[in-house]
2 protein chains.
Amino acid sequence: MENPFVRKMERHVRLASEDRAILDGLARQHIRHIAGRQDIEGPHTEPYHTHLILDGWACRYKQFPDGRRAIVALLLPGDLCDPFVFRRARMDHAIGALTPVTVARITPDQIGDAIRGRPAIEEGLWREMLTTTAIHREWIASVGRRSAIERLAHLFCELHLRLTWAGLADGTSLPMPVTQPDLADALGQTSVHINRTLKELRTSGLVALRSRRLTIRDLDGLRERGLFDPAYLLPA
Amino acid sequence: MENPFVRKMERHVRLASEDRAILDGLARQHIRHIAGRQDIEGPHTEPYHTHLILDGWACRYKQFPDGRRAIVALLLPGDLCDPFVFRRARMDHAIGALTPVTVARITPDQIGDAIRGRPAIEEGLWREMLTTTAIHREWIASVGRRSAIERLAHLFCELHLRLTWAGLADGTSLPMPVTQPDLADALGQTSVHINRTLKELRTSGLVALRSRRLTIRDLDGLRERGLFDPAYLLPA
DNA sequence: AACGCGCGCCAACCTGTGTTAGTTTGCCCA
DNA sequence: TGGGCAAACTAACACAGGTTGGCGCGCGTT
């Protein structure tokens with residue numbers, strides 16, 4: 001069973017088998033398990049390690065003094081929490097596990113070693129980073145200018161592709177292990193309204209969601225509903 | 001009169017005079033003028049150059065098929081439109097001039113040359129990029145979880161610091177050459193509501209805004225109103 | 001001097017989303 | 001097998017912010 005990180009990298013660049021072995025090695029060292037709802041990296045810390053998500057979902061979030069929470073990114077299996085830790089000092093946000101999560105802890109040196117003399121890996125990490133940035137832009141546009149249904153439909157489309165590329169979707173059916181309050185914090189709404197919107201997507205026959213699994217019944221319809229254009233996810 | 005790009009870089013790293021000369025040289029070649037409301041880089045293009053903003057304000061934006069516009073980033077004098085063009089192919093968004101703008105056109109090679117053997121410059125560009133990313137995160141949080149006044153107050157605080165660091169603010173007074181519809185597209189609201197909110201900030205004595213210039217009358221008050229914490233802008 | 005026009009500004013009204021306060025479902029564990 | 005609890009779900013109501021439409025000012029153009 002290939003690991004999701006390697007699969008994703010292979011979408012960006014052609015990897016030699018040695019490249020693949022190096023990346024796979026990163027994912028097999030210093031494995032840690034983190035309980036759901038725990039922080040992987042707290043706010044205001046100066047982390048020395050980065051983490052590669054192997055299983056479960058996490059998020060990058062900001063917490064306001066009065067308790068409001070904004071989820072600014074979702075981290076799925078195969079995602080690197082911070083590919084370039086070695087440049088950064090203080091965290092201006094936190095990283096939290098939304099479900100129980102398995103991670104591999106990686107040091108800056110290990111990333112440096114993996115890149116050295118392996119241009120494919122370097123290029124792959126770059127593209128990964130550019131894709132992440134493109135997702136950020138799309139989220140700003142989404143929260144700023146898409147309606148509730150459009151936002152939710154768009155997010156589902158994004159997750160569908162990201163999980164597919166990590167080898168974790170089964171055709172048009174994908175894991176969706178987060179709660180409605182989590183979705184709400186990611187989309188800038190309330191859980192009540194997420195629930196309403198979900199119902200509307202369901203009754204219009206676009207998706208089905210039960211027991212933590214989303215099934216897209218009408219992919220084209222869902223994409224249209226969310227004004228989804230996959231171009232932003234394809235840095236090639 | 002020093003250029004805003006060099007000033008900003010000097011906030012990130014200590015530059016040798018030769019570093020400074022190199023960076024300054026970049027800002028003096030291939031100068032172009034772009035009229036207000038024109039695209040600097042259209043959508044779907046595969047740009048070969050990047051642009052350094054020398055004067056005027058621009059934005060990174062996404063346009064929806066039905067005409068809605070989302071501004072996902074503001075580009076101020078001293079900002080590089082895309083510090084790492086050489087990795088990216090197709091634009092998933094556009095870059096537009098909000099006011100008349102002066103830019104220096106820069107090739108990937110020039111950036112490569114500037115970095116080679118000059119670690120301070122490389123480090124500075126990294127920090128610049130990390131700051132940009134941090135701003136993206138903050139915008140997502142803002143549009144997702146801040147109220148209208150909080151958002152506007154927060155944006156003003158952000159711009160105050162960014163312009164100060166570029167050497168373009170006069171104490172607590174700063175240029176604000178954008179229209180209310182522009183602010184609306186950046187904050188995910190309508191221009192009518194921006195107007196209402198502006199009035200509220202004005203009548204509560206926090207800011208004054210006239211003839212394209214913002215004066216912050218009560219900086220602490222404004223920061224509090226916007227839940228502004230400058231930490232995210234300081235990657236040190 | 002007159003015109004046009006983008007922009008700031010405002011009022012009245014409307015609606016999408018938030019708030020509050022539940023009931024129901026489903027799952028884990030004793 | 002049942003008790004406890006978190007999450008899903010719903011209804012009624014409230015309100016922040018959107019929509020529409022209109023006025024007037026400042027400024028550039030002729």
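Each chain gets a letter, A, B and so on, in the order the sequences are listed, and its residues count up from 1.
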Is a side-chain donor-acceptor pair under 3.5 Å present for [Y] with [X]?
X: A:Thr102; Y: A:Arg32; answer: no
X: B:Thr45; Y: B:Glu41; answer: yes
X: B:Asp182; Y: B:Tyr61; answer: no
X: B:Arg151; Y: B:His154; answer: no

Distance in angstrom units between [X] [atom1] and [N] [atom2], rounded:
X: A:Arg202; N: D:dA8; atom1: CZ; atom2: P; answer: 11 Å
X: A:Leu187; N: C:dG18; atom1: CG; atom2: C1'; answer: 15 Å
X: B:Ile149; N: D:dC15; atom1: CD1; atom2: P; answer: 16 Å
X: A:Arg151; N: C:dG16; atom1: CZ; atom2: C1'; answer: 10 Å
X: A:Leu209; N: D:dA8; atom1: CG; atom2: P; answer: 8 Å
X: B:Ile194; N: C:dC10; atom1: CD1; atom2: C1'; answer: 16 Å
X: B:Met176; N: C:dC7; atom1: CE; atom2: P; answer: 16 Å
X: A:His193; N: C:dG16; atom1: NE2; atom2: C1'; answer: 6 Å

Residue closer to the 5' end of DNA chain D, A:Gln180 versus A:Arg145 (nearest nucleotide): A:Gln180
Touch class at under 4.0 angstrom, heavy-atom based, for B:Ser191 against every strand present: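 Here B:Ser191 touches no strand at all.
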Sugar-phosphate only, base, or nothing, as touched by A:Gly188 at under 4.0 Å among non-hydrogen atoms: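 Sugar-phosphate: the residue A:Gly188, judged by heavy atoms under 4.0 Å, touches backbone atoms but no base.
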Per B:Thr190 side chain, nearest of listed nucleotides D:dA11, D:dG18, C:dC7: D:dG18
Listed nucleotide nearest any side-chain atom of A:Thr179, set C:dC10, D:dA8, C:dG8: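 For the A:Thr179 side chain, the nearest candidate turns out to be D:dA8.
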Parallel, tilted or perpendicular, as decided by the 30° and 60° cut-offs, for the rings of A:His51 and A:His49: tilted
Donor/acceptor link under 3.5 angstrom from B:Arg210 side chain onto base of C:dG8: no
Between [X] and [N], is there a side-chain N or O to OP1/OP2 distance below 4.0 Å?
X: A:Arg212; N: D:dA8; answer: yes
X: B:Asn195; N: C:dG8; answer: no
X: A:Lys199; N: D:dT10; answer: yes

First of B:Arg196 and B:Val178 reached from the 5' end of DNA chain C, by closest nucleotide: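 Result of the comparison: B:Val178.
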